[in-house]
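Report on the following structure.
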Amino acid sequence: MELNETLQKILNNAEETLDKMTGETPESRAAAKEKVRKFFKNMMGGDDKEAPEKEKDEKDS
């Protein structure tokens with residue numbers, strides 16, 4: 001199993017566990033779930049639209 005598949009399975013299992021524990025719906029956690037996905041994407045070197053702007057700001061300084 002690839003890293004991306006493993007991380008996706010972890011996210012899905014965590015979501016199911018949270019549903020059972022808290023009674024919340026997936027929609028109520030959509031923003032938090034997206035933040036976690038972006039975190040893993042950034043950690044794995046994924047494309048981040050903010051990165052070039054940060055680099056540009058550092059060069060201007």
Roughly how far, to the nearest 0.5 Å, is CZ of Phe40 from CG of Asn4?
11.0 Å
What's the verdict on side-chain contact (heavy atoms from CB on, under 4.5 Å) for Leu7 and Leu11, showing C-alpha distance, side-chain angles and the deciding distance?
CA-CA 6 Å; Leu7 293 175; Leu11 286 172; 5.5 Å; no
Take a 6.0 Å sphere around CE of Met44 and say whether it holds more than 12 heavy atoms from other residues, nucleotides or ligands.
yes
Give, for atom CG of Leu3 and atom CE of Met43, the distance between the pair rounded to the nearest 0.5 Å.
7.5 Å
With rounding to the nearest 0.5 Å, note down the distance linking NZ in Lys9 to CD in Glu5.
10.0 Å
For the residue pair Asn12 and Gln8, confirm or rule out a side-chain donor-acceptor distance under 3.5 Å.
yes
